[in-house]
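The analysis underlying the following values was restricted to heavy atoms, covering all of them including side chains, and did not include hydrogens, waters or symmetry mates. Below, chain A is the first sequence line, B the second, and so on; all start at residue 1.
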Amino acid sequence: MKIATYNVNGINARLPVLLRWLETTAPDVVCLQELKAPTEKIPEQAIADIGYQGIWQGQKSWNGVAILTRNLEIQEVSRTLPGDEEDTQSRYLEAVVNNIHIGCLYLPNGNPAPGPKFDYKLRWFERFNTHAAALLALNKPVVLTGDFNVIPTEQDVYRPERWLEDALFRPESRSAFKILVDQGWTDALRKLYPNEPIYTFWDYFRNAYERNAGLRIDHFLLSPHLDSSLLAAGVDSDVRGWEKTSDHAPVWIELAD
DNA sequence: ATGTCAACAGAGTGTTGA
């Protein structure tokens, strides 16, 4: 089974890119982030026309997440991240597909840091880590995927020294990610490619994609049950070079059935 | 400091967020 994640950066602005990518690569499950549209403005029909259906949690202007499947039943588990009743941002969806628990997340960016946005990021991260521990305790196959907005290590950024003050790379963000992984999760891309640069995001500024000045901020974390099922993983980086494309590229894993 | 996008309000371009 192939599972993909893609921060589309505006589902309506990127619709031709999204459809072309889905038709070309045909993942069984797709987690989307940054829809930037309320649920009623999500192009559900165009996506259904190429064989995908699923659950959406939209929001006007910002955020928004979705989990889509192709020929697979999807059972919704949650539309919010537990732990803060007052948090109304659409950043988390959870569903069960093929007996696998899938958490689709769009972790707050957090810039500028320090400041209230960075504080929100760190609070959200703590809530997420609490929830992730509860998912591990289920003792079931779990995949956590999406835009974590964290560069885990110096290996994951083209020039680490330029990102030291950024919310994506500050010690607090890296430390929260390490605490999460150390609960017992496997960083799927890094497991298969331990020693090479892997990027999932290239800024629109200064021809970052052409210079391969990228970051790795979109991740797949696997619960221990799935460790031995991981067959392959990759980044569809060519999509980042298409016209009217997102600043992120799709990331995918292939699991044994 | 800069740079590039998209959504929005509201009608031209500035603001916000990334």
Side-chain angles (χ1 to χ4, degrees), chain A residues 5-21 31-44 46-47 56-66 81 87-92 104-125 128 145-152 156-170 172-174 176-177 199-219 235-251:
Chain A
T5 190
Y6 188 18
N7 177 322
V8 290
N9 189 3
I11 193 163
N12 287 303
R14 313 301 178 199
L15 189 60
V17 167
L18 175 64
L19 296 176
R20 178 179 164 199
W21 167 71
C31 296
L32 301 176
Q33 302 87 35
E34 257 201 293
L35 305 177
K36 288 182 163 178
T39 303
E40 66 271 18
K41 287 194 181 165
I42 285 165
E44 225 173 322
I47 286 162
W56 313 84
Q57 185 67 18
Q59 183 179 333
K60 190 179 177 185
S61 302
W62 298 301
N63 310 318
V65 284
L81 180 68
D87 184 0
T88 56
Q89 299 193 24
S90 297
R91 294 181 175 276
Y92 189 71
C104 169
L105 66 137
Y106 176 45
L107 206 136
N109 175 297
N111 279 306
K117 291 191 179 173
F118 192 56
D119 296 341
Y120 174 64
K121 174 180 199 157
L122 296 180
R123 286 201 314 274
W124 205 96
F125 222 141
F128 183 71
T145 189
D147 179 0
F148 284 67
N149 267 315
V150 179
I151 302 164
D156 300 306
V157 46
Y158 65 105
R159 284 198 65 172
E161 67 278 11
R162 294 203 174 173
W163 289 81
L164 291 170
E165 299 301 315
D166 194 280
L168 277 58
F169 195 52
R170 284 178 72 101
E172 299 93 328
S173 307
R174 278 188 272 171
F177 188 79
Y199 300 141
T200 67
F201 169 93
W202 296 260
D203 226 314
Y204 288 122
F205 305 159
R206 297 175 294 262
N207 294 317
Y209 180 64
E210 288 72 14
R211 297 186 294 122
N212 198 26
L215 314 174
R216 188 171 76 101
I217 56 176
D218 302 271
H219 307 295
V235 180
D236 292 333
S237 45
D238 58 310
V239 175
R240 178 62 182 80
W242 295 359
E243 285 292 310
K244 295 281 285 176
T245 201
S246 169
D247 41 6
H248 296 250
V251 186

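Spacing of P atoms, B/dA1 relative to B/dG12, comes out at 34 Å, to the nearest Å. B/dT15 and B/dG10 are spaced 14 Å apart, taking the P atom of each and rounding to whole Å.
Aromatic ring centres of A/Tyr209 and A/Trp202 lie closer together than 6.0 Å.
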- prompt: Can you give one letter per nucleotide of nucleotides 7-18 of chain B, going 5' to 3': B for a protein heavy atom under 4.0 Å from the base, S for sugar-phosphate only, - for none?
  reply: SSS-------BS
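Atom CZ in A/Arg211 sits about 13 Å away from atom P in B/dT4, given to the nearest Å.
At a cut-off of 3.5 angstrom, the base of B/dT4 holds no donor-acceptor pair with the side chain of A/Arg206.
Residues meeting the ring pair (Phe, Tyr, Trp, His ring centres under 6.0 Å) test with A/Phe201, sequence neighbours left out: A/His248. By the ring pair (Phe, Tyr, Trp, His ring centres under 6.0 Å) test, A/Phe148 pairs with A/Phe177, A/His219, sequence neighbours left out.
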message: As a quick check of understanding, evaluate side-chain contact (heavy atoms from CB on, under 4.5 Å) for A/Lys117 and A/Asn109, giving each step before the final call.
response: CA-CA 8 Å; A/Lys117 291 191 179 173; A/Asn109 175 297; over 6 Å; no
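A/Leu35 contributes atom CG, which lies 12.5 Å from atom OG of A/Ser61 (distance to the nearest 0.5 angstrom). For the atom pair CG of A/Leu105 and CG of A/Leu107, the computed distance is 6.0 Å after rounding to the nearest 0.5 Å.
Between A/Arg14 and B/dC5 there is no side-chain N or O to OP1 or OP2 distance below 4.0 Å.
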